[in-house]
**Student:** 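First the structure, which I've put down as structure tokens, then a few questions once you've had a look.
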Amino acid sequence: MEHGSFTNDSFASFTLAEEDHTLANAVRFMLNQELVNAVFDLDLVSVYVVTNHYYLQLYSPRVTFAGYSIPHPSLECVNVRVQTTGDPAREVLKDACQELMLMNRHVRSVFDKAVSEFKVEQARLAAEEEKKKKAEEEELKKQRDLLASMDIESD
């Protein structure tokens, strides 16, 4: 749900139902991601922490403020506040969510690739171990057969 101004669409608040810090912090990060690649300057950062409200104000070409709050711990909703330099806040939030989805897809594909490589390596190691075990068993059998074929005199 969007709560904004009818006259100025460069700032708005959005309520995300059934969400928590996990999504809200990721969206806030994506809204401010342009700073990550820039030189970090402490003069450009302001952090506000109020009870159950986490705000991080960063310099970004499109976003002047992005923060979120959880109105109450028992409520399953998050309020996201976006202020831009002129672009519609709804579009900036939409772009940030799309970038977040792309980032998640990339992470998932890298993870899936690593898991499949791990499984292949584990199968290869298991096959090597099985081959080694068979070779040891065959050598032991040869030694037993050799020992059995020897004629040992007994008293």
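Side-chain atoms are counted along with the backbone in the values below, which use heavy atoms only and exclude waters and symmetry mates.
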**Student:** Check this for me: Glu18, atom CD, are more than 12 non-hydrogen atoms of other residues, nucleotides or ligands nearer than 6.0 Å?
**Tutor:**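 Not more than 12 within 6.0 Å, no.
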
**Student:** A side-chain contact here means heavy atoms from C-beta on lying under 4.5 Å apart; do Glu91 and Asp9 qualify?
**Tutor:**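 SC-SC contact between Glu91 and Asp9 ruled out.
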
**Student:** Any side-chain heavy atom of Ile70 within less than 4.5 Å of one from Leu75?
**Tutor:**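 Counting from C-beta outward, Ile70 and Leu75 never come under 4.5 Å.
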
**Student:** How about Glu76: does its CD atom have over 12 heavy atoms from other parts shown lying under 6.0 Å from it?
**Tutor:**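 Open: at most 12 neighbouring heavy atoms sit under 6.0 Å from CD of Glu76.
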
**Student:** Report yes or no: do Ser13 and Arg81 form a side-chain donor-acceptor pair below 3.5 Å?
**Tutor:**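 Present: a donor and an acceptor within the cut-off.
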
**Student:** Sequence neighbours left out, what passes side-chain hydrogen bond (donor to acceptor under 3.5 Å, both in side chains) with Arg108? Give chain and number order.
**Tutor:**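 Arg108 satisfies side-chain hydrogen bond (donor to acceptor under 3.5 Å, both in side chains) with Asp112 only.
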
**Student:** Could you check whether any side-chain heavy atom of Leu125 comes within less than 4.5 Å of a side-chain heavy atom of Gln122, counting everything from C-beta outward?
**Tutor:**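 They are in side-chain contact.
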
**Student:** With Glu129, which residues qualify under side chain to side chain contact (heavy atoms under 4.5 Å, CB included), at least two apart?
**Tutor:**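 Here no residue qualifies.
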
**Student:** Test of understanding: with side chain to side chain contact (heavy atoms under 4.5 Å, CB included), list the residues that count as partners of Leu23, not counting sequence neighbours.
**Tutor:**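 In terms of side chain to side chain contact (heavy atoms under 4.5 Å, CB included), with neighbours along the sequence ignored, Leu23 is linked to Leu16, Glu19, Val27, Leu100.
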
**Student:** Looking at Glu130 and Lys134, is any side-chain nitrogen of the basic one under 4.0 Å from a carboxylate oxygen of the acidic one?
**Tutor:**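 Salt bridge: no.
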
**Student:** Could you tell me which non-hydrogen atom of Thr84 sits nearest to which non-hydrogen atom of Ala89, and how far apart they are?
**Tutor:**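 That would be CG2-CA, 4.0 Å.
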
**Student:** We want to know whether Asn79 and Thr15 form a side-chain donor-acceptor pair, criterion being a heavy-atom distance below 3.5 angstrom.
**Tutor:**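 On atom types as modelled, these side chains qualify, holding a pair under 3.5 Å.
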
